[in-house]
2 protein chains.
Amino acid sequence: MRGTGTLIRDFVLAATLVGLSACAGQVRGTGDLGLVIERAAGRVQVVETTGRTALGAISGLGDLSHASVVYSRDERHAFVFGRDGGLSKVDLLSERLVKRVVQAGNSIGGAISQDGTLVAVSNYQPGGVRIFDARTLDLVADIPAVYGDGTTRSKVVGLVDAPGQRFVFSLFDAGEIWVVDLSDPSAPAIRRFRDIGRQPYDGLITPDGRYYLAGLFGEDGVALLDLWNLDAGVRRILDGYGRGEEPLPVYKMPHLEGWAAAGDQLFLPAVGRHEVLVIDRRDWREVGRIAVAGQPVFVEARPDGRQVWVNFAHPDNDVVQVIDVATRQVVRTLHPGKGVMHLEFTPRGEQVWLSLRDENRVEVYDTRTLQRIATLPADKPSGIFLTARAHRIGL
Amino acid sequence: MRGTGTLIRDFVLAATLVGLSACAGQVRGTGDLGLVIERAAGRVQVVETTGRTALGAISGLGDLSHASVVYSRDERHAFVFGRDGGLSKVDLLSERLVKRVVQAGNSIGGAISQDGTLVAVSNYQPGGVRIFDARTLDLVADIPAVYGDGTTRSKVVGLVDAPGQRFVFSLFDAGEIWVVDLSDPSAPAIRRFRDIGRQPYDGLITPDGRYYLAGLFGEDGVALLDLWNLDAGVRRILDGYGRGEEPLPVYKMPHLEGWAAAGDQLFLPAVGRHEVLVIDRRDWREVGRIAVAGQPVFVEARPDGRQVWVNFAHPDNDVVQVIDVATRQVVRTLHPGKGVMHLEFTPRGEQVWLSLRDENRVEVYDTRTLQRIATLPADKPSGIFLTARAHRIGL
């Protein structure tokens, strides 16, 4: 019966493979998933926010310092932008690297088009934006950030997606903002805005996708572009905002992604100062300042806009403060541990996830009780990105 | 060898089942899925918005007239609220009915708690709200809508979720708004607001979860409750809004879920009139009226707030109009076909899905070109609900 035994084993093996091949990956919803960047390890952890656990990890993503992530519209795949020019597509269900291309020498983040078909990467070297097919990662369009005599290329920063299959970004060296319409990916329609201010170092778009703002490194103030009215051009707001007023050393230029919109108010980190600035979104004027524990880095609004959470630059990066928006008061100072790098809210705001780089862990807090409800080990975690970002504009 | 043959067949069968049971359903992301209600058939179609196709159908859901849907936080399961008191939990990946309970005699929609653990149903008969475990559909709490001498029960309408594990709803017969905190599901903390106006017939909560509004059937005006300041109580806004000013027969009381928030403006259907009203969200005053093709039913804002799409009551329910928010002008009148029942935008707004009950089809439009890009057959489709709702407050 030995032959039959082998036969049976082979049949069983084959049948099992047939069964399993029907599901290369877990059968589960993807709305409660996320990635935690493990910077030094060149790895991402796949986490879920319902049970608050780690599901697995995906390695081989290269240099993930300053890495960021966007998601496919079905929330299954993530596109990870590394500092080394690497663009990696990972599958959260099978927990594997689908494809990786090193598309430039030095990059700083990216975005995904409104319809989810195009992924754009913002490059320092060579300066420009490259557009890839979200399915295959094939190059679709190359947009060199040329300026001046047309031979020089600028570093590109502050790349965001905008409604109408557009991308918006800033040219650090050229002092320009470009709006690119990719309705026809084979023929990008570029609209350039020149002389917007010296050295735009970062940009953001309001959650409704209407206003693009670029922070200036070379002078004070912020450049504002209304995407509903491009003909009005770029105007200057917040003239006092920036390095000019800066009496303290700036340990870290705050990211504009760290700005928070809560109702009609915009909360943003003062550059170098131990303050969070409050701006009225209707006229872009400063309406208040809130004293905080250090130089703010990320100023994030809970999705319902009732709280704003703030982390800080060294030497205060072991502290997180919670601001009550209604009273503009700091209502809690938390000391989660050393090296708080990033914070991310669940989409309906009941949880916030914190990465503690120097403690090698991620912590989850209940935003109502302000109590810690989970701790996950992680290797020098930095950015935390939840799949709900797939459904939002400008992320 | 006959015995061995049977043995082999059994092994193969068993092994295959083992393999398949590892994936009871498709392996795919759930962020681009949705359900289309097929009212007469008591069935829902599972659709996806990336390829714009139907994936399958789930039957046996009872009377789905006026049915609505909420989603689990992982976007895998849907909770379907039928008019017959039925609460059905369906799995979008395996396309099957997981569980169905008939929890009342007559119901009108429901909501899911901020943390996704509790599902609430709004009941006419017996009047009240019942709370169920989202995992098992076991009854967790029963909240009878008693009023007056404490023996009478009111119909409950306008049930929504609110931040802080709360539900808010209105008592039609009692003229009350209740805010229920379910932080401790075994002991719901109820706060009652009396004399809010006669016969509240529907309610909504602003997208940030701060303001609850109840429309009044028995008199003009709207009841407003600021959930950030419950002690301030309910105030009356929009005194002119309602039946009082009504010179025309009201074919259908518009649903307040049909109100649209776009920037600082709220667009809402005038009751009975061929107008869309524009309200300033900062002071709740009417700032404009837009003439439209009929009595508006749903007035929905594209997620970026640049467009508002409107459908109409009989006899104008074959028309859909598109309003440009910047100019407050109707920029397009579409004639998709008879019986336009509902419209739903994809989360980043590039598509809108329309249900055409009397044409037995669903149509998908590109919101930039305003061209139809897909048509799907459906049996008397009514509501369309995409999984992105899982990540939003008050839906």
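Values reported hereafter were calculated over all heavy atoms of this structure, with side chains retained and with hydrogens, waters and symmetry mates removed. Convention: sequence-line order gives letters A, B, ...; per-chain numbering from 1.
Shown here is A:R282, whose CZ atom has more than 12 heavy atoms of other residues, nucleotides or ligands within 6.0 Å. By the neighbour-count criterion of 12 heavy atoms within 6.0 Å, atom CZ of A:R191 is densely surrounded, having more than that number from other residues, nucleotides or ligands.
Chosen from A:G116, A:G209, A:P163, the residue pairing most often with chain B at heavy-atom distances under 4.5 Å is A:P163. Taking chain A as the reference chain and counting heavy-atom pairs below 4.5 Å, the highest number among B:R302, B:R368, B:R306 is found for B:R306. Taking B:R281, B:R210, B:E48, B:R392 one by one and counting their heavy-atom pairs under 4.5 Å with chain A, the maximum is reached by B:R392. In terms of heavy-atom pairs under 4.5 angstrom with chain A, the leader among B:S94, B:G305, B:S72, B:G164 is B:G164. Counting heavy-atom pairs closer than 4.5 Å to chain A, the top-ranked of the candidates B:T346, B:L93, B:T387, B:L33 is B:L93. Here B:E350 is the residue among B:R76, B:E350, B:Q351 with the most heavy-atom pairs under 4.5 Å with chain A. Most heavy-atom pairs under 4.5 Å with chain B: of the set A:T369, A:T206, A:I393, this distinction falls to A:I393.
Summarising the geometry of B:G349 relative to A:Q114, their closest heavy-atom pair is C-NE2, 3.7 Å, with the distance given to 0.1 Å. Residues A:W228 and B:D304 share a closest heavy-atom pair of CZ2-O, 3.8 Å.
In this structure, no portion of A:N229 lies under 4.5 Å from any heavy atom of chain B. With a 4.5 Å cut-off on non-hydrogen atoms, A:T117 does not touch chain B at all. Both the backbone and the side chain of B:I112 come within contact range of chain A, with heavy atoms under 4.5 Å apart. Both the backbone and the side chain of B:T49 have a heavy atom closer than 4.5 Å to some heavy atom of chain A. In this structure, no portion of B:T367 lies under 4.5 Å from any heavy atom of chain A. For A:A388, the parts lying under 4.5 angstrom from a heavy atom of chain B are both the backbone and the side chain. Using a 4.5 Å cut-off between heavy atoms, A:D366 makes no contact with chain B at all.
B:E75 places no side-chain N or O within 3.5 Å of a backbone atom of A:T30 that could act as its donor or acceptor partner.
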Test log, rule side-chain contact (heavy atoms from CB on, under 4.5 Å), inputs A:D161 and B:R348
CA-CA 11 Å; A:D161 62 273; B:R348 292 169 70 191; 2.9 Å; yes
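From A:R73, atom CZ reaches atom OG1 of B:T50 across 4.0 Å, with rounding to the nearest 0.5 Å.
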